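Heads up: the structure comes next, in structure tokens.
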Amino acid sequence: MEFTTQEYPCSLCNSNNTKPLVVKLGFPIVQCAGCNFVYVNPRITNEQLQNIYQHNYFKNKDYGYVGYELEKRLRIKNFERWLKEAAPFMPVNKPVNALDVGCAAGYCLDVMKAKGWNAEGLELDAEMCINLEKDGQIVYHRSLDNFETKHRYQVITLFDVIEHIPVIDAAFKQLSHLLDADGIVIMVTPNHNSFQRKLFRKRWFQYKPIEHIQYFTRQSLAVFARRNNLQIIHASKCGQYGDAHFLVTRLKYYHFIFLSKLFDKIFQLLNLKNRFFYTGTGSLFVVFKKM
Ligand SMILES: [Zn+2]
């Protein structure tokens, strides 16, 4: 696929001065000389990004997710765990209207509905939206900044989404607008300050410069939040559930070929193919409230 690229200023401080950090798939990942925010520059244009997400994002081999549905069981366990972690910060004694931004196959919507919540999703992938509607989900084929509704939400989730969004302040402004006075926003995103990123450096699997165009830390998220009337009320390290296949594939990705073969053998011998484990991925779990 041919990509059209363009230079963009730093989302956090608007500076154009950068220091090179790593190059991946031919894309420079740079650090802002003014505020240290990390982003891909030059990167695929906003217009082309919209196109990528609109059509077959979940069936592409160059980027996106292949086999998203195959990991349904694991993804559901992730969403259950993350919603449970945010539960102490939820508004009490209120019916919950929830919005899942980038709802993909709707698994998080299912988890929310099982809690008795009224759950709605935003999804850019056109084919996915058709399937979601067939499944009876309430889904809007809209980006976050183009979404309008009279609803205010008690819970808004962005699980592995904010790093894909081009204009971060517009996203935070919209979150603040859509959020109920005592509602919460829950985010999971790759953490550029994570041990995994520092350990694996250029090979960190979260460096996916076609689609992960900006890389956050707790500190940068706090700045975006604050200037849009939101504040962080909880943050922690975050991983995801993986099965034997997930772990072996991830070890291979990091070139631990011997280890990946060894684990593969152990999983086969002990018949652990269908077991799953919660493993660190160098991500950050954050809950926001209005200021
Ligand atoms: Zn900056």
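For clarity, every value in this text was computed on a predicted model and none was experimentally measured. When a ligand or atom number is given, it counts from 1 through the structure's own listing order.
In this structure the side chain of V22 reaches within 4.5 angstrom of the side chain of Y207, judged on heavy atoms.
Taking 4.0 Å as the cut-off between side-chain N and carboxylate O, K94 and D182 count as a salt-bridged pair. For the pair D180 and K290, the salt-bridge criterion is not met [side-chain N within less than 4.0 Å of a carboxylate O].
The count of protein N, O or S atoms under 2.8 Å from the Zn ion (ligand 1) stands at 4, with waters excluded from the count.
For Y39, there are no side chain to side chain donor-acceptor pair (under 3.5 Å) partners, not counting sequence neighbours.
Taking the six-membered ring for Trp and the full ring otherwise, F159 and F79 have centroids separated by under 6.0 Å.
Taking the centre and axis of the six-membered ring of F172, the NZ or CZ atom of R227 falls outside the cone set by 45° and 6.0 Å.
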